[in-house]
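Read the numbers this way: they start at 1 and go in the same order the structure lists the ligands and their atoms.
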Amino acid sequence: MTVGVTSREVHALRSLHDLITTVHSVQDLEEVLQTVAAGVVDVLGFQVAVISCLDSQGDLVVLAAAGDEDACRAMRGSRAPLQEFVDEFELADTWGSLRFLPHDRLPEDASSGWVPDVQPLDVPDAWHPLDTLYALLHGPTGELLGVLNVDLPVDGRRPGPLSRQILEMYAVQAGLAIHHAQERGRLRERIRLSNATRTVVETTGREPDLERALQRSCRPLARGFNCDWLVLEVFPTQDGSNGSVTSTAARGQRVLYPADLLDRLGLDRPADPDPRLDDVAVRLRRLAARVARGCWPVSRTSVVAEVGDTTKGLLDQAERAALAGPLAALGTASVMLAPLGAGRECLGYLVMGRAEPTAVWSEAESRAALEVGREVGRAVEAARVHQRERDLIIELQELDRYKGEMIATITHELKTPLTAIIGHGELLHETVAGLPHVGAINRNARRLVDLVDDMLLLTTVKDPHRPFEPRAVDLGALVLEECEMIGLQALQREVTLDLSGVRPDVLVPGDSYELARLVANIVGNAVKYTEPGGTVALDVGHRGDHVLFSCADSGIGIAEADLATLFDEFDRSSNPAAHALPGSGLGLAIVRRIADRHHGRVVVESELGLGSTFRVTLPPLVRGPEEPPTSEKAVISPYASGMSGRSSG
Ligand code: ADP
C-alpha cells in the first residue's frame, strides 16, 4: 500500500492507538506480542517483525513473528543468549532506542536466523538483506524486557526519521505491554501455585491417612505446577526396616499421577516382571533419593531440562545421560525435583515432569515446590509421631497386661505360704501360752493377706478383657449386709454407723461381689479414719436418673492437695494421722475401677479435720421413685440403745 507521508503518519498513529487499546485488553503475552508484530508489519511497511523476550535463563526467546511466512517459521521459538545481542548493539548505530547494524559491520561469526534472498537497490540508503534493525523493549522502570527486530522495508530503503520515530513508539508500547502481560502472568502463576500449596496443606491437615492425603494432593499439584505427571515418594523410616513396626508410615509411600505413569515407562508391572525394567525403576528411584538428599540441606530444587538445567554438581554426565531414555519414553521435556523434609531430615522427594519444551521452570515454581516439600514433610512427621504414639500405646498396654499377669501370679503364689503362716501362728498362740511376738507375727501376716487380696482384686477389676456380666443387685440390701461386719469394727472404734439413709429395693445392674468390695472399702475407710465418738452416715437411694450411695464421716478429713491423686494405686494421703493407721493405698483404686466397670462415678468432698463424704453414682436397673420418706432409722452406735456394746479391744 502506498500512502503519502501525512496520511501514513495519521494511519500509523491511529493503528498505534488501536494497538494500545488491544494490548491492554488481551491477557496472553504471546497474543499481545503477536498483535504488536503484526502492527509493525502492517503499518510501518516492514516485511518481517520479530519480538523476542528475555526469559529467566537470560536468553532472548522469539515469542512472536509477523510478515513473511518463511521468516516466521524459521524464527518462532528460537532462542539466543542476550549477550550475543549486546555484542551486536556495541557495533551498531544508536538511533534513540533503536540499534541499526549495517551488514558491513556484522561480525564474521554472527549467526543470522533468516536471510532473505533479495537484491539491494542501487541507491545510497538501500536496505541490505544482512542489515539489522532492533528496537529495545523496556519496562516502565527502564529494565530491558525484550527486543523487536524488523527486516526488509517494503520500499527497499533504510527507514527515515519518521519511520524510526513511529517504530520507537511501537517499541515503547510493546515494552509496556510485555511488562503488563508478564505482571499478569506472574500474578496468575502466584495464584495457581499458592492454590496448589494451600490444597496440600489443607488435605494433609484434614486427612489423617498420609497415603490418602498424598494421593488427593496429586491432581491439584499437577494442575498448580502445570505438569503432566508427578511422583511423590516418602522414604521408609529407619526403624521400619527391622520389621518391628508395621505401620504404613514406617514402610514409606509412593504416589503417582497419573496412576498408570509407570506403565508408560514399562516399569513395575507385576504381570511382566522383566528384571531389566525393575532395575531401571530402582536406579531412577535411587538417583532421585540421592538428588533429594543433596537438595534438602541447601533448600534448592533440581531441574533436568534442555533449557534451565540445574543438575550441575548433583548428577554426573553419565547419570544425566541415563535419564534421557526414561524421559523420552514418558514424552517429557523437563523435570523438576523438590526434596521433602522436616528439620534436618530429608524425608522424600517430589518429581514433576513437563512435555512442553518451552515451558521453563520458573523461580516462583521452584520456591513453591520447596514449600510443598516442607508442607508434605510436616505431614509426614506428624503422621510418624501419631504412629509412634499408637505403637507406644500398644506396647504399654502389652506391658500392663504382662504386669497384671505377673502380679496375679506372684500374689497367688504368696497366698499359700501366708495362709500356712497364719494357721501355724494361730496354733502356736492357742497351744503355747506366753510365747512372745506371736501376736505381732499373726497381725502382720493378716495385713499381708489383705494386701495380697487387694492386689488380686485390683488386677481382676483392671483387666479390660475380663467379662462384665451385670445382674440385678439390691444396693441397699448389699450395703446393710456389708455393714454387719464393719459395724463390729465401728463398735470397737466407738464410731456411730448411721444407716438410716439406706433405702431397700434400690436395684442396680452390677456384680454383687465387686459392689460389696466397693462398699466395704469406702465404709471401712470411713470407720478407720474417724476418731472415737465420730459418726459415719450412709445413704442409698435414687437421685434423679441414677442411684446414689454416699458415705459421710466426721473423721480426720483429707487435705485438698491429696484429693487429686486419692484414687491412684498405692496413694496414701499426706495426713500423718492417716499414715499412722495400716493401709495399702489400694482400696480407693479398687473403688474407682469397680465404679468405672459399672459405668458409674465416684467423687469425694473433704476438709481436713472436719470429715469426708464419698459419693458413688450408678445407673439404675429401673428408674426409682424420687426419694420416698425414711420410715425407720437404723443406727449402729456405741451410744444407741439396743445395738450398742462398747468394746475394749
Ligand atoms: P488405705 O489402705 O491406705 O486406706 P485407700 O486407697 O483406701 O488406702 O485410701 C487412700 C488414702 O486415702 C488413705 O491412705 C487415706 O489417707 C485417705 N482416705 C481414704 N478414705 C478416707 C476417709 N474416709 N477419711 C480420711 N482419709 C481417707
* For H598 and I594, indicate whether the former's side chain and the latter's backbone hold a donor-acceptor pair under 3.5 Å. => yes
* Asked: Any side-chain heavy-atom pair from T530 and T535 closer than 4.5 angstrom?
  -> no
* Regarding R293 and the six-membered ring of F235, is the cationic atom NZ or CZ under 6.0 Å from the ring centre and inside 45° of its axis? -> yes
* How long is the gap from CG on L399 to CE on M406, to the nearest 0.5 Å? -> 11.0 Å
* L518 versus E514: any side-chain heavy-atom pair under 4.5 Å? -> no
* **CZ (R344) with more than 12 external heavy atoms under 6.0 Å** => no
* Heavy atoms under 4.0 Å from ligand 1: which residues qualify? -> N525, A526, K528, Y529, D553, I556, G557, I558, L566, D571, R572, S573, A578, G583, S584, G585, L586, G587, L588, S612, F614
